[in-house]
Structures are given as C-alpha cells and as structure tokens.
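Below: one structure, written as structure tokens.
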Amino acid sequence: ARQMAVAVVPLLSDPVLDGWDQALARQEENDSILAVRQAIAVARQTLDLYLELEQRRPTWQQNPVRVAETLFAAGRLDDALAWVRREDGTSRCRVVAVGEDSLPSGRLHDVERIALETRILDARNERAAAQTLRWECFAATLHPQMLRDYLRKLEDFIEYEEQERAFALAEDFRNPYGALDFFIGWPHLDRAAALVRSHRADWDGRHYSCLVPAAEALAEAHPMAATILYRALLADILA
C-alpha cells in the first residue's frame, strides 16, 4: 500500500494531495506515513516540510543519500551537499575487493554516496574537488565506473596518462582479486594475464566468483594465465 501510494502521489491534484496530507497528519506517525507525506511534499515542492519529516525519523532510519538526491533534483545544491556528507547507519553501499571480507566500511567505499557527491560538486562548479574525490574513491575500491567518470572529465591530452596511472595503481592494489576483477571487467586482458602470472602461487580456488569468469575471459588469448586459474579452482575442488 505504501509503495502504491507513493507511486500515485505525482498523479494527483493539489486539492487531493492537501486532503491526503491532512488525513495522514492526524494518524499515528510511522515510517510508511512519513514516506507518503514526504512524497506529497516533493510533489508540492515544499521541501522544507520534506526535510522536517525526514528529521522526525529515528537516526538509524534516516537516509541521507535519498534526501540528497531529492534536494539535488530540486536544485538545492548546498543542502544536497550537506546531506550527502552526513553519516548514517543504513545506506552504506560497500564496494570492496573480492576476498577482502574484513575491509572496514569507510566513506570512500560508499560508492553510491561518493558518485552523488561528485555530481553535486560538479553542479556547484567545484570540478577539482569532484575529480579529487573520484580518484580517491577509485584508489580505495578499483570501482571501474568511478575511473570512467574521472577520465571522462579530464582534458583530452592527459586522459591516456591518467589511465596508465590508474592501471599501475590497480596492479599494485593490496588485493590481487580486486585487481583481477578490475582488469577483466575494464577490459584489459593483457594486464589481467600478467597479474595472474605474477601471482601464480597465490590464487585460491575458493574465490571462484572472481576466478571462473577471469579464466573464461583469458582462455582464448592468454591460455597460460587461464590454466593457472583453472588449476587453482581444481585444486580447491580436490582439496
């Protein structure tokens, strides 16, 4: 019912929205009622009420990324930046290297949040700050879209140089599974194969979600590297 109500709100007239909001305001407040009232506030462009309703939620239920997206779409850039930088306990989108389960959650690993923050910074004409944040996030996560966004914003004559810098950083990344996953996904199969060979004794077949697609991608052009990964997978099966 909540999802249906939120979906219908943008289709309703102002008098109907007024009636809904007044009726909901008389109900005992809970997460669903707040969500519908916030949708009404967005539809009526009363964003101060939207923010007031968000702040009535317990801290653990507040979603700074969602609020920042709403404010950004409405052109309230200062407020959007303040909200996207807030800490919360629910919307940490951790993107970590394969096999690095113990990596602590941190701001630079919250890629969804960082991507939104960089868009806000761009809109505020803070291009250098946005680019610095993109690079720092990529360096922490090897998230390929973050690198693509970073390269897309560069001047043409330095794009290749910065791409090579990024590839060198990936080759020295603390977790070879994350580096392999990056090079396969980019794709840059030559570097992926070189990485496999340089870590030939380190691959663990338990990380099959990374090794299987990598071996399949490398099989035709780099059969030696593919064989190293298949042997690691088979050794784990036999063990």
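The shown structure was predicted, so the numbers you read here are calculated from the model rather than taken from an experiment. Along the sequence shown, residues carry numbers from 1.
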Worksheet entry | Under the salt bridge (charged side-chain N to carboxylate O under 4.0 Å, His left out) test, residues paired with D204 that sit two or more places apart | R206
Worksheet item: Could you give the distance from CD (E112) to CG (D110), rounded to the nearest 0.5 Å?
Response: 7.0 Å
Worksheet entry | Smallest separation among heavy atoms of P176 and R174, with atom names | CD-O, 3.9 Å
Practice prompt. Find out if a path of hydrophobic residues (ILVMFWY) with successive side-chain heavy-atom gaps under 4.5 Å connects L211 to I237.
Written response: no
Worksheet item: Charged N to carboxylate O under 4.0 angstrom, R56 versus D31?
Response: no
Worksheet item: Under a single-linkage definition using a 4.5 Å side-chain heavy-atom cutoff for Ile, Leu, Val, Met, Phe, Trp and Tyr, are L51 and I120 assigned to the same hydrophobic cluster?
Response: no
Worksheet entry | Polar side chain donor-acceptor pair, E54 to Q38, under 3.5 angstrom | yes
Item to complete: For residues 221-231, pull every pair meeting salt bridge (charged side-chain N to carboxylate O under 4.0 Å, His left out), keeping only residues two or more places apart or in separate chains.
Response: none
Worksheet entry | Minimum heavy-atom distance between A215 and A226, given as atom pair plus value | O-CB, 3.5 Å
Item to complete: Given side chain to side chain contact (heavy atoms under 4.5 Å, CB included), test V16 with W20 step by step and report yes or no.
Response: CA-CA 6 Å; V16 174; W20 275 33; 3.8 Å; yes
Discussion item. Let me confirm one number: the CZ-CD1 distance from R85 to I114, rounded to the nearest 0.5 Å.
Written reply: 9.0 Å
Worksheet item: With a 4.5 Å heavy-atom cut-off, do L147 and F182 have their side chains touching?
Response: yes
Worksheet item: Is it true that D122 and R119 have a side-chain N and a carboxylate O under 4.0 angstrom from each other?
Response: no
Under 3.5 Å, side-chain donor or acceptor atoms of residues 67-77 against the rest of the protein: list the pairs with distances, not counting sequence neighbours.
{"from": "T70", "atom 1": "OG1", "to": "Y50", "atom 2": "OH", "distance (Å)": "3.3"}
{"from": "T70", "atom 1": "OG1", "to": "R66", "atom 2": "O", "distance (Å)": "3.1"}
{"from": "R76", "atom 1": "NE", "to": "D79", "atom 2": "OD2", "distance (Å)": "3.1"}
{"from": "R76", "atom 1": "NH1", "to": "D48", "atom 2": "OD1", "distance (Å)": "3.2"}
{"from": "R76", "atom 1": "NH2", "to": "D48", "atom 2": "OD1", "distance (Å)": "3.1"}
{"from": "R76", "atom 1": "NH2", "to": "D79", "atom 2": "OD2", "distance (Å)": "2.7"}

Practice prompt. Ignoring hydrogens and angles, state whether a donor on the side chain of D190 or H222 is under 3.5 Å from an acceptor on the partner side chain.
Written response: yes
Response to the item:
Sorted by chain and residue number, the side chain to side chain contact (heavy atoms under 4.5 Å, CB included) partners of L24 (sequence neighbours excluded) come out as I33, V36, R37, I40
Response to the item:
Contacts of A192 meeting side chain to side chain contact (heavy atoms under 4.5 Å, CB included) (sequence neighbours excluded), chain-then-number -> L180, F183, I184, L218
Worksheet item: Under a 4.5 Å cut-off applied to non-hydrogen side-chain atoms, are R44 and D21 in contact?
Response: yes
Item to complete: Could you list the residues that satisfy side chain to side chain contact (heavy atoms under 4.5 Å, CB included) with R148, not counting sequence neighbours?
Response: P144, Q145, W186
Worksheet entry | Side chain to side chain, T118 and D149, heavy atoms closer than 4.5 Å | no
Worksheet entry | Those residues that, when tested against Y150, pass ring-ring contact (aromatic ring centres under 6.0 Å, His included) (two or more places apart) | W135
Worksheet item: With hydrophobic residues grouped by side-chain heavy-atom distances under 4.5 Å, do L116 and V42 end up in a single group?
Response: no
Worksheet item: Quick one: does W203's side chain have a donor or acceptor within less than 3.5 Å of a partner on V196's backbone?
Response: yes
Worksheet item: Out of curiosity, does Y177 fall in the hydrophobic cluster containing L234 (side-chain heavy atoms, cut-off under 4.5 Å, transitive links)?
Response: no
Discussion item. Would you say that more than 12 heavy atoms from the other residues, nucleotides or ligands in this model lie under 6.0 Å from the OH of Y208, or not?
Written reply: no
Worksheet item: Do you know the tightest heavy-atom contact between R2 and A35?
Response: NE-CB, 3.5 Å
Discussion item. Test of understanding: clusters of I, L, V, M, F, W, Y form through side-chain heavy atoms closer than 4.5 Å, transitively. Do L17 and L47 belong to the same one?
Written reply: no
Discussion item. Measuring from atom CG of N30 to atom CZ of R57, what distance do you get when rounded to the nearest 0.5 angstrom?
Written reply: 9.5 Å
Worksheet item: What's the spacing between Q131 CD and E162 CD if we round to 0.5 Å?
Response: 9.0 Å
Worksheet entry | Heavy-atom pair of closest approach, residues A39 and V6 | CB-CG1, 4.1 Å
Discussion item. Are the side chains of L169 and R165 in contact, using a 4.5 Å heavy-atom criterion?
Written reply: no
Worksheet entry | Any residue meeting salt bridge (charged side-chain N to carboxylate O under 4.0 Å, His left out) with D78, in chain and number order, not counting sequence neighbours | R124
Practice prompt. First locate atom SG of C137, then atom CZ of R113, and finally report the distance between them rounded to the nearest 0.5 Å.
Written response: 12.0 Å
Worksheet item: Sequence neighbours excluded, which residues qualify as side chain to side chain contact (heavy atoms under 4.5 Å, CB included) partners of P15?
Response: S13
Fill in: Side-chain cluster (under 4.5 Å, hydrophobic types only) that L53 belongs to, other residues
L34, L49
Worksheet, complete the sentence: One should read off an interatomic distance between R134 CZ and L154 CG, to the nearest 0.5 angstrom, of 9.5 Å
Discussion item. Side chains of L133 and L108, heavy atoms from C-beta outward: is any pair under 4.5 Å?
Written reply: yes
Practice prompt. Using a 4.5 Å cut-off on heavy atoms from C-beta on, say whether the side chain of R86 contacts that of Q62.
Written response: yes
Worksheet item: Which residue pairs pass the side chain to side chain donor-acceptor pair (under 3.5 Å) test with at least one member in residues 191-200, sequence neighbours excluded?
Response: E164-R191, E171-R191, H188-R191, H199-D202
Worksheet item: Under the salt bridge (charged side-chain N to carboxylate O under 4.0 Å, His left out) rule, what pairs show up with a residue in residues 208-230, not counting sequence neighbours?
Response: none
